[in-house]
There are 2 protein chains.
Amino acid sequence: MKKDQKIIHPKGCPHQLRAIKDTMELLSGKWKFQIIGTLILSGATRFMELKRALDGIAPKKLSKDLQELEINQLITRTVKDTKPITVEYAITEHGRTLDKLINEITEWGLTHRKEIIK
Amino acid sequence: MKKDQKIIHPKGCPHQLRAIKDTMELLSGKWKFQIIGTLILSGATRFMELKRALDGIAPKKLSKDLQELEINQLITRTVKDTKPITVEYAITEHGRTLDKLINEITEWGLTHRKEIIK
DNA sequence: TAAATTGGTTTCCTTTAGGAAACTAGTTTC
DNA sequence: GAAACTAGTTTCCTAAAGGAAACCAATTTA
């Protein structure tokens, strides 16, 4: 192939790739999508309930991920005036925009599992 | 709250969470969705083209991620009998099932960027 | 009074992710 | 013959992710 052959349609789609990168910077990792998924599916959930739902997560990890999600305005943290005090985590309006994405991730996981069993 | 108050709808949705986990085990990380996105958007692409499209990726990392994606049957690797030889990576039929997911990730990234600018 | 539950934090540790730079080998162009 | 391009590999390194266990203060139940 000649060196200076012009590529008419240069590969790479900077806008889309940047968008993918943005999303994954916030949400990649082992637990974040599972946390959001739980809050979407189950509604407002307390710390210990989350810990039980997310089988195997360490409290330190759960605490850290929840803080990051809160900072990014995807969830809220509310201290309830109960005895003993409980803390409730809930999805925000902005977090709700992840509904379809979480759905696709879940669907694809199911599809893929079926595919590799074959 | 009484200790033994029965929770009618126990929190946690094991099936969905397992599916999310499955997906993210294959695809979380900095580059995999970007690689798949490029192959979906641009069609079959050579190693060096991918390297250029994925701004900043190290050849070692690209090589490793491509191998993992191939092992999971999401992409194919084809050595072309050109001079010099070129290697073309392409999305598989199974990889195509990620179309909607990639789309959602991209859309959400754009949405989120607009949201946080506000 | 002892044990358990609340929502975490602290410390220590191992594993994985990821990047920089140098290098390889075959081919081809200058 | 020198340089450049093909597609990687190798080595070395740092930073981040993640887990285990212990601990904490306040409250409540047994």
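We name chains A, B, ... by the order of the sequence lines, and we start the count at 1 in each one.
For A:Glu68 and C:dG8, the CD to P distance is 15 Å, given to the nearest whole Å. Put simply, CG on A:Asp65 is 7 Å from P on D:dG18, counting in whole angstrom units. A straight line from CG of A:Leu54 to P of D:dG18 spans 12 Å, rounded to a whole angstrom. Rounded to a whole Å, the NZ atom of B:Lys80 is 12 Å from the P atom of D:dA7. The distance from atom CD1 of A:Ile85 to atom P of C:dT5 is 17 Å, rounded to the nearest whole Å. In this entry the distance linking CG of A:Asp55 with P of D:dA20 reads 11 Å, nearest Å.
The B:Phe47 side chain lies nearest to D:dA7 when the options are C:dG7, D:dA7, C:dG19. Comparing atom distances between the A:Lys83 side chain and each of D:dA7, D:dT27, C:dA17 picks out D:dT27 as nearest. The side chain of A:Trp31 has D:dG19 as its nearest neighbour among D:dG19, D:dT6, D:dT9.
The shortest distance between the side-chain N/O atoms of A:Ser63 and the OP1/OP2 oxygens of C:dT9 is below 4.0 Å.
Among the heavy atoms of the strands, none lies under 4.0 Å from B:Glu88. Counting any heavy atom pair closer than 4.0 Å across all strands shown, A:Gly56 reaches no nucleic acid atom. Within 4.0 Å (heavy atoms only), B:Lys64 reaches sugar-phosphate atoms of the nucleic acid but no base atom.
Applying side chain to side chain contact (heavy atoms under 4.5 Å, CB included) to A:Trp108 and the options B:Leu26, B:Asp99, B:Asp22 leaves one that passes, B:Leu26.
A donor N or O paired with an acceptor N or O is not found under 3.5 Å between the base of C:dG8 and the side-chain atoms of A:Lys60.
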